[in-house]
**Student:** 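First the structure, then my questions, so here it is.
Scope of the values below: all heavy atoms of this structure, side chains included, with no hydrogens, waters or symmetry mates.
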Amino acid sequence: MDLLRSVLFAPGNHARRVEKCFDAGADAIVLDLEDAVAIAEKVATRDVVVAALQSRPPRSCLGYVRVNAIDTPYCYGDIDAVVREGVDGIMLPKVESAAHLFAADWMISNLEKERGLEPGAIDLLPIVETGVGVSRVGEIAAAGTRVKRLCFGAGDYTGDMNMVWTAGENELLDARARIVLASRAAGIEQPVDSVFIDLDDPDSFEASAQRALSMGFQGKLCIHPKQVEPSNRTFTPSDEQVAKAEKYIKAFRAAEAEGSASIQVDGYFVDYPIVERSERLLARVAKLRERTG
């Protein structure tokens with residue numbers, strides 16, 4: 001399990017921004033071949049992004065490439081170019097059906113075999129970001145491919161749905177809830193929430209991250225290095241939360257040994273669901289400590 005509290009985008013054809021993203025502290029970076037790259041430069045940028053990821057071993061962050069959508073003339077060539085040693089995964093935008101994932105997974109599997117890569121080495125990270133995609137998110141999440149988690153893209157989603165994307169984000173509640181529910185029902189990891197595009201409003205970015213956390217997301221897509229630290233902080237359990245979780249588990253196990261499965265700890269009701277939640281929190285913290293030393 002790779003925890004993705006922050007996933008930072010950089011245009012694949014912008015050397016300075018690519019170089020800066022490696023040291024931004026994000027859990028993963030995404031070098032873009034899609035929206036951030038002009039049509040005339042898409043093909044030439046393929047080798048550039050692979051070379052950039054291969055030039056920085058070992059990395060403290062995972063390295064993905066966002067390819068173009070599967071119904072574009074570029075997707076096949078993108079995937080063919082980037083399934084290489086040194087690339088951790090492919091981000092696939094505008095996924096609208098399980099068939100999109102089957103096709104991408106089939107291509108990646110055959111390229112892994114052809115190039116001597118370990119089967120399943122290349123992660124596949126879909127973005128659900130259209131009305132059709134959200135309406136079919138259950139089948140997408142349950143497709144049974146190499147996909148470990150989904151991402152939500154609010155920019156394309158609100159544009160597709162002719163919504164006004166507000167700072168309060170009430171218009172995103174339904175889509176976010178559907179994506180989290182579908183992920184849980186399919187038994188895959190918690191999803192990663194959308195970008196927040198107003199770079200001059202850090203307070204609203206943090207509020208957006210808090211909303212996503214409360215709804216069950218594991219992290220957030222970021223479009224600027226300055227969004228990485230607040231995203232990491234929001235999606236990292238605090239020392240207080242860790243201490244409470246440890247206290248609840250210890251007290252509950254002692255009570256359980258005496259035949260009780262519901263107790264109060266500092267006025268807080270603790271039973272099996274609370275203990276399971278506390279154990280998940282501690283497992284997340286253990287994974288983060290393992291990564292950061």
**Student:** Can you name the nearest heavy-atom pair linking Ala154 to Ser194, along with the distance?
**Tutor:**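 Of all heavy-atom pairs spanning Ala154 and Ser194, the closest is N-OG, 2.9 Å.
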**Student:** Would Lys94 and Asp156 count as a salt bridge (Lys or Arg N to Asp or Glu O under 4.0 Å) if you check the C-alpha gap in whole Å, the side-chain angles of each, and the deciding distance to 0.1 Å?
**Tutor:** CA-CA 8 Å; Lys94 299 178 177 65; Asp156 280 285; 3.7 Å; yes
**Student:** Do the charged groups of Arg253 and Glu258 touch, with an N to O distance under 4.0 Å?
**Tutor:**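 Not counted as a salt bridge, because no side-chain N and carboxylate O are separated by less than 4.0 Å.
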**Student:** Please check if Val242 and Leu3 belong to a single hydrophobic cluster, counting links between Ile, Leu, Val, Met, Phe, Trp and Tyr side chain heavy atoms closer than 4.5 Å.
**Tutor:** no
**Student:** Under a plain distance cut-off of 3.5 Å, with no hydrogens placed, do Arg178 and Ser135 share a side-chain donor-acceptor pair?
**Tutor:** no
**Student:** Looking at Arg184, I want to see if its CZ is surrounded by more than 12 non-hydrogen atoms of other residues, nucleotides or ligands under 6.0 Å.
**Tutor:** no
**Student:** Quick one: are Val137 and Leu150 in side-chain contact, heavy atoms under 4.5 Å?
**Tutor:**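 The answer is yes, as the side chains (C-beta and beyond) meet within the 4.5 Å cut-off.
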**Student:** Quick one: does any side-chain atom of Arg277 pair with a main-chain N or O of Tyr272 as donor and acceptor, under 3.5 Å?
**Tutor:** no
**Student:** Does a side-chain N-to-carboxylate-O contact under 4.0 Å join Glu169 and Arg211?
**Tutor:**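 The answer is yes: the pair qualifies as a salt bridge.
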**Student:** For Ser109 and Asp105, indicate whether the former's side chain and the latter's backbone hold a donor-acceptor pair under 3.5 Å.
**Tutor:** yes
**Student:** Start with the C-alpha distance between Tyr268 and Tyr248, add both sets of side-chain angles, then the distance that settles ring pair (Phe, Tyr, Trp, His ring centres under 6.0 Å), and finish with yes or no.
**Tutor:** CA-CA 9 Å; Tyr268 192 77; Tyr248 294 159; 5.2 Å; yes
**Student:** Distance check, rounded to the nearest 0.5 Å: Glu171 atom CD versus Tyr157 atom OH?
**Tutor:**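 The CD atom of Glu171 sits 9.5 Å away from the OH atom of Tyr157.
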**Student:** Would a distance-only check, ignoring hydrogens and angles, find a side-chain to backbone donor-acceptor pair under 3.5 Å from Ser260 to Glu256?
**Tutor:** no
**Student:** Donor-acceptor check, side chain of Ser238 to backbone of Gln241, threshold 3.5 angstrom: yes or no?
**Tutor:** yes
**Student:** When you check the gap from the basic side-chain N to the acidic O, do Arg115 and Glu85 get nearer than 4.0 Å?
**Tutor:**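 Judged by the 4.0 Å cut-off on N to carboxylate O distance, Arg115 and Glu85 do not form a salt bridge.
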**Student:** For residues 218-231, which residue pairs pass the salt bridge (Lys or Arg N to Asp or Glu O under 4.0 Å) check, not counting sequence neighbours?
**Tutor:**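 Sorted pair list: Asp193-Lys220, Glu229-Arg233.
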**Student:** Linking I/L/V/M/F/W/Y whenever any side-chain heavy atoms sit under 4.5 Å apart, do Phe217 and Leu181 land together?
**Tutor:**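 No; Leu181 is not reachable from Phe217 via cluster members.
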**Student:** Answer yes or no: is there a donor N or O on one side and an acceptor on the other, between the side chain of Glu129 and the main chain of Phe152, under 3.5 Å?
**Tutor:**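 It does not hold such a pair.
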**Student:** If we only count heavy atoms from C-beta on, is the Leu173 to Met215 side-chain gap below 4.5 Å?
**Tutor:**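 In contact.
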**Student:** Is there a donor-acceptor pair under 3.5 Å between the side chain of Gln210 and the backbone N or O of Thr234?
**Tutor:** no
**Student:** Using a 4.5 Å cut-off on heavy atoms from C-beta on, say whether the side chain of Phe102 contacts that of Thr145.
**Tutor:**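 Of all side-chain heavy-atom pairs linking Phe102 with Thr145, at least one is under 4.5 Å.
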**Student:** Measure across Arg46 and Asp78 and return the closest heavy-atom pair with its distance rounded to 0.1 Å.
**Tutor:** NE-OD1, 2.7 Å
**Student:** Would you kindly confirm whether Met91 and Leu62 end up in one hydrophobic cluster when ILVMFWY residues are joined by side chain heavy atoms under 4.5 Å apart?
**Tutor:**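 In one cluster with Met91: Leu62, yes.
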**Student:** So do Cys21 and Leu31 actually touch side chain to side chain, heavy atoms under 4.5 Å?
**Tutor:** yes
**Student:** May I ask you to decide if Asp27's main-chain N or O and Ser6's side chain share a donor-acceptor pair within less than 3.5 Å?
**Tutor:**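 Looks like yes, one N/O pair under 3.5 Å.
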**Student:** Does this structure show an ion pair linking Asp23 with Arg56, if we count only N-O contacts that are shorter than 4.0 Å?
**Tutor:**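 The answer is yes: the pair qualifies as a salt bridge.
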**Student:** Should Leu213 and Leu288 be counted in the same cluster of Ile, Leu, Val, Met, Phe, Trp and Tyr side chains packed under 4.5 Å apart?
**Tutor:**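 No, it is not one cluster - the side chains of Leu213 and Leu288 are not joined through contacts under 4.5 Å.
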**Student:** Do you know the tightest heavy-atom contact between Ala98 and Ile140?
**Tutor:**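 Ala98 and Ile140 have their closest heavy atoms at N-CG1, 4.1 Å.
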**Student:** Quick one: does any side-chain atom of Ser204 pair with a main-chain N or O of Asp201 as donor and acceptor, under 3.5 Å?
**Tutor:**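 Flag not set: sc Ser204 to bb Asp201 has no pair under 3.5 Å.
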**Student:** Can we say Lys244 and Glu240 salt-bridge, meaning some charged N sits less than 4.0 Å from an Asp/Glu carboxylate O?
**Tutor:**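 Result for this pair is yes, salt bridge flagged.
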**Student:** Hey, does Asn68 have a side-chain heavy atom less than 4.5 Å from the side chain of Glu34?
**Tutor:** yes
**Student:** Do Val7 and Cys151 have side chains that approach each other closer than 4.5 Å (heavy atoms only, starting at C-beta)?
**Tutor:**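 No, their side chains stay 4.5 Å or more apart.
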**Student:** Determine yes or no for a side-chain-to-main-chain donor-acceptor pair under 3.5 angstrom, with Gln218 supplying the side chain and Gln190 the backbone.
**Tutor:**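 At least one qualifying donor-acceptor pair exists.
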**Student:** With a 4.5 Å cut-off on side-chain heavy-atom distances among I, L, V, M, F, W and Y, is there a chain of contacts connecting Phe205 to Ile223?
**Tutor:** no
**Student:** Is atom CG of Asp239 surrounded by more than 12 heavy atoms (other residues, nucleotides or ligands) closer than 6.0 Å?
**Tutor:** no
**Student:** Ignoring hydrogens and angles, tell me if any N or O in the side chain of Gln227 forms a donor-acceptor pair with the backbone of Phe196 under 3.5 Å.
**Tutor:**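 Yes; at least one donor-acceptor contact below 3.5 Å.
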**Student:** Check whether any side-chain heavy atom of Ser97 sits under 4.5 Å from a side-chain heavy atom of Arg136, and report yes or no.
**Tutor:**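 Yes. Closest side-chain heavy atoms under 4.5 Å.
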**Student:** Roughly how far, to the nearest 0.5 Å, is the CG atom of Leu33 from the SG atom of Cys75?
**Tutor:** 10.0 Å
**Student:** Counting C-beta onward and ignoring hydrogens, is there a side-chain heavy-atom pair between Val67 and Thr72 closer than 4.5 Å?
**Tutor:** no
**Student:** Judged by modelled atom types alone, do Tyr64 and Asp88 share a side-chain donor-acceptor pair under 3.5 Å?
**Tutor:** no
